[in-house]
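Read the numbers this way: they start at 1 and go in the same order the structure lists the ligands and their atoms.
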Amino acid sequence: MKSTVHPFHIPVDRRRFFRGMALASAGFTLPGFLAEALTVAPTVTQGPYYPLAKNIPLDKDNDLVQLNDSLTIASGVVTYISGRVLDASGNPVPGALVELWHADREGDYLYSTSATRNSACDAAFAGFGQYLTGSDGRYRFRTIKAGLYRGRTRHYHWGVTLPGETKRTTTQTGWNETALDLNGAVWETQNSNDNVFSTVSNATQRATMLLDFSEVAGTTTGEQEATWDYVVGRTYTEPTYPNGGSLVVAGVPVETSAGASRYRIRVPAYAGYSYEVYGNPTFADLGWSALPFSLTQDGAVDRSIHTATAEGSLDLYVDAKAVKGFYQVSFRVPGANTGTP
Ligand SMILES: [Fe+2]
């Protein structure tokens with residue numbers, strides 16, 4: 001069967017992206033002529049709680065407050081954080097993967113070393129989200145006010161993977177406040193003695209990490225918002241991705257060792273990059289319903305297996321025959337979401 005290939009770029013799943021929500025604060029554009037005024041984001045520790053790949057929620061969009069279409073939302077003060085990824089000259093960086101993870105209202109992370117997420121963490125809280133910046137370099141998240149846990153003041157963890165990078169660079173942001181625990185008592189660790197913020201020696205950089213939150217106009221539940229631009233202090237080269245990050249490709253019939261029929265989808269990939277298949281192979285005439293796949297010919301078909309290190313090409317295997325003889329596959333985000341080793 002002849003393979004039909006069309007460029008067709010689908011960014012990170014925006015299925016529920018801020019559905020029904022007006023973003024009150026859009027942030028400000030920093031034009032290039034203000035380049036000298038930009039403060040590069042300091043790199044600080046990733047910390048121990050970046051979720052393991054097996055615990056990253058399937059719903060890893062930029063809304064951490066609501067998982068899938070759950071009727072239950074996360075406990076805590078709903079909080080919006082938005083801004084842009086900018087280079088040192090103030091130009092927006094498109095195609096940057098911004099990741100956010102942090103503790104729930106009571107200070108518990110999603111992170112766990114077992115196959116399931118930390119049972120102490122609010123089950124309605126995603127705990128992790130991501131956003132791929134568009135041409136304006138902009139990202140936005142809906143989450144909650146991060147909870148406090150012993151040894152730290154309130155903070156958010158960020159990972160930024162620029163186009164062409166294979167590893168995230170991490171930083172953290174805090175909340176410019178006197179941190180109070182859930183009983184209203186002054187918390188033992190404040191921004192001034194927090195062991196991450198206080199060790200950023202450059203005072204200007206440190207100030208950019210401590211965000212000023214304000215109440216969302218018109219909120220009746222105390223929702224908060226802040227803007228934060230991540231300014232890149234390193235050089236990077238935007239690579240050329242095959243077919244712009246997705247393709248339409250024929251599946252090749254293969255058999256599992258048990259004799260079951262399966263179809264192999266081969267995605268051209270660049271050696272050394274880690275690929276995430278986030279769009280899922282789909283029947284081309286059935287919209288974007290996800291089609292489960294495996295990354296080995298004999299592997300269990302399970303769409304939660306979503307990362308692979310590519311060495312020349314990336315193979316996916318699906319059980320279902322494509323209705324029209326080809327599948328649509330979206331992929332991108334090298335280096336991302338491979339979890340903590
Ligand atoms: Fe943390």
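For Y109, the nearest N, O or S atom to the Fe ion (ligand 1) falls under 2.8 Å. At a threshold of 2.8 Å, the Fe ion (ligand 1) has no backbone or side-chain N, O or S atom of Q172 nearer than that distance. Among the atoms of H102, none of the N, O or S atoms falls under 2.8 Å from the Fe ion (ligand 1).
Between H155 and H157, the angle of the ring planes goes over 60°, which puts this pair in the perpendicular group of the 30/60° scheme. Taking the six-membered ring where the residue is Trp, Y156 and W158 present tilted rings, their angle falling between 30° and 60°.
When OH of Y149 and NE2 of H155 are joined through the Fe ion (ligand 1), the resulting angle is 90° to the nearest 10°.
To the nearest 0.5 Å, the span separating CD on E106 from CG on D122 amounts to 8.0 Å.
Under the ring-ring contact (aromatic ring centres under 6.0 Å, His included) rule, H102 has a single partner from Y111, Y109, F125, which is F125.
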